[in-house]
There are 2 protein chains.
Amino acid sequence: MPNRNRRFDRPRNFVYTVNMSQLQGRILSCALDLYLEKGIHGLSMRQIAAKLDISATAIYRHYRNKQELVDTIVAEAVKIFAGYLFSALSGQTAEERFRMCNQAYLDFALGQEKYYEVIFLEPHGQGADAPEESQQKGLANFQFLVDRVQECVDSGYLRKANPRSLALSIWAHNLGLMALFFSGKWAMDEAAFRKFYWESQERFLHGLCD
Amino acid sequence: MPNRNRRFDRPRNFVYTVNMSQLQGRILSCALDLYLEKGIHGLSMRQIAAKLDISATAIYRHYRNKQELVDTIVAEAVKIFAGYLFSALSGQTAEERFRMCNQAYLDFALGQEKYYEVIFLEPHGQGADAPEESQQKGLANFQFLVDRVQECVDSGYLRKANPRSLALSIWAHNLGLMALFFSGKWAMDEAAFRKFYWESQERFLHGLCD
DNA sequence: GTCTATAGGTGGATAGAC
DNA sequence: GTCTATCCACCTATAGAC
């Protein structure tokens with residue numbers, strides 16, 4: 001007979017993020033560290049337990065299994081990223097909202113480094129086999145950029161072009177810049193990187209040739 | 001007493017790549033597949049053995065341990081990439097050599113997909129804890145691009161700027177484009193991607209704004 | 001150079017006591 | 001909701017026969 005006392009037997013949409021300072025949240029945070037360090041196959045319930053000084057089985061009161069733990073991390077990451085992007089809507093003009101979109105991406109990457117890695121640098125990005133729901137929300141985040149680009153094409157700030165294709169180029173450029181930074185092979189601290197980031201954006205906006 | 005018959009008791013620089021159709025090479029190729037699929041913690045000697053229909057211990061006659069297997073994969077990948085880049089030297093002008101450098105990157109990514117992934121898309125790229133030797137050769141490959149950029153700044157084709165910084169922007173853009181393609185989330189076949197790749201390069205060269 | 005047998009370890013997950 | 005005890009699968013690597 002199943003134990004009816006488990007967290008996941010409660011209603012589906014209950015908000016657990018609220019009490020993150022308790023065990024639930026500490027498990028998640030610890031799992032995140034291990035997941036980024038060693039990937040899904042290197043992450044183990046026993047190691048999480050050891051780090052938190054609890055027994056491995058305690059974790060199963062909070063997460064059905066290892067996969068649910070990882071899925072929760074990915075869902076959380078996508079949600080937080082969406083929050084950052086959303087702030088760009090406060091810009092007054094299309095151009096400003098576009099610029100703020102890049103700013104949000106940069107701030108998310110540097111301010112929520114671990115969640116950024118989960119979404120954009122893991123196995124092959126965006127949790128390749130994440131649950132449908134997270135995949136959808138990930139695409140919605142990209143669509144947000146497409147919409148900002150569309151506005152800028154309409155306003156005449158950006159050259160006329162397919163907004164989706166343009167957005168993909170911009171997305172790729174951002175993706176690559178962050179991958180460079182997080183690889184840690186370029187001896188740049190955060191301040192130096194922020195400077196380089198905007199230089200590179202400027203180059204992209206106005207071209208490499210005369 | 002150690003068995004003196006092992007591959008790695010032979011001279012260090014012996015070229016094994018020659019006879020890749022034999023077991024040695026088949027192990028490497030199979031390990032590469034599993035490594036890309038599941039990462040280093042998901043790769044197992046037993047699974048390699050099962051796929052090749054040999055016993056797991058047979059592998060140890062060819063590779064000292066799991067780490068040496070992975071290191072060999074990374075070293076091979078870096079060497080092959082260098083070969084692609086090198087072909088760009090046949091260009092007649094600085095501008096042509098620069099363009100051929102992008103071409104080589106694209107051809108390597110699409111023609112040696114698996115080796116590309118090992119270098120640029122793995123855990124955090126370029127085998128974060130690869131042996132010193134591979135790390136050095138990886139940096140040399142980047143320096144090759146810096147040199148091509150330098151030539152183009154000198155010839156006046158590219159705007160005056162720090163060549164290293166310029167090369168980093170270009171490297172990032174390429175990195176991001178490939179990451180998009182390999183993520184498989186954008187419903188592009190290889191032909192469509194090649195088209196998009198050059199479109200995006202063109203945008204980068206001449207800017208997004210008027 | 002390949003095998004079988006085996007040592008010694010880590011891991012996911014469950015049952016049932018408290 | 002946390003624990004201990006436990007099952008069973010899987011892992012790396014070695015020893016020694018052939």
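Residue numbering restarts at 1 for every chain, and letters A, B, ... go by the order of the sequence lines.
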Atom-pair distance ([atom1] on [X]; [atom2] on [N]), nearest Å:
X	N	atom1	atom2	answer
B:I48	C:dT2	CD1	C1'	16 Å
A:R46	C:dG11	CZ	P	7 Å
A:M45	C:dT14	CE	C1'	12 Å
B:Q67	D:dC11	CD	C1'	15 Å
A:L69	C:dG12	CG	C1'	12 Å
B:K38	C:dG11	NZ	P	17 Å
B:Q22	C:dG1	CD	P	11 Å
A:K66	C:dA13	NZ	P	8 Å

Test side-chain contact (heavy atoms from CB on, under 4.5 Å) applied to B:S165 - qualifying residues, sequence neighbours left out: A:F196, A:E199, A:R203, B:N162
Are the aromatic rings of [X] and [Y] close, with centres under 6.0 Å apart?
X	Y	answer
A:F86	A:F144	no
B:Y115	B:F120	no
B:F193	B:W186	no

Between B:K185 and A:Q135, is there a side-chain donor-acceptor contact under 3.5 Å, judged purely by atom types and distance? no
Do any side-chain nitrogens or oxygens of B:H41 fall under 4.0 Å of OP1 or OP2 in D:dC11? no
So is B:R99 actually on top of B:W198's ring, under 6.0 Å and inside 45° of the axis? yes
So what does A:L43 touch, heavy atoms closer than 4.0 Å: a base, only the sugar-phosphate, or nothing? sugar-phosphate
Would you indicate what B:Q47 reaches in the nucleic acid, counting non-hydrogen atoms under 4.0 angstrom: base, sugar-phosphate, or nothing? sugar-phosphate
Would you list the protein and nucleotides 3-5 of chain C atom pairs, both N or O, that sit under 3.5 Å from each other?
residue: C:dC3; atom: OP1; partner: B:S55; partner atom: N; Å: 3.2
residue: C:dC3; atom: OP2; partner: B:S55; partner atom: N; Å: 2.7
residue: C:dC3; atom: OP2; partner: B:S55; partner atom: OG; Å: 2.8
residue: C:dT4; atom: O4; partner: B:T57; partner atom: OG1; Å: 3.1

Sorted by first residue and then second, give each side chain to side chain donor-acceptor pair (under 3.5 Å) pair with at least one member in residues 81-91 of chain B; sequence neighbours left out. B:Y84-B:Q112
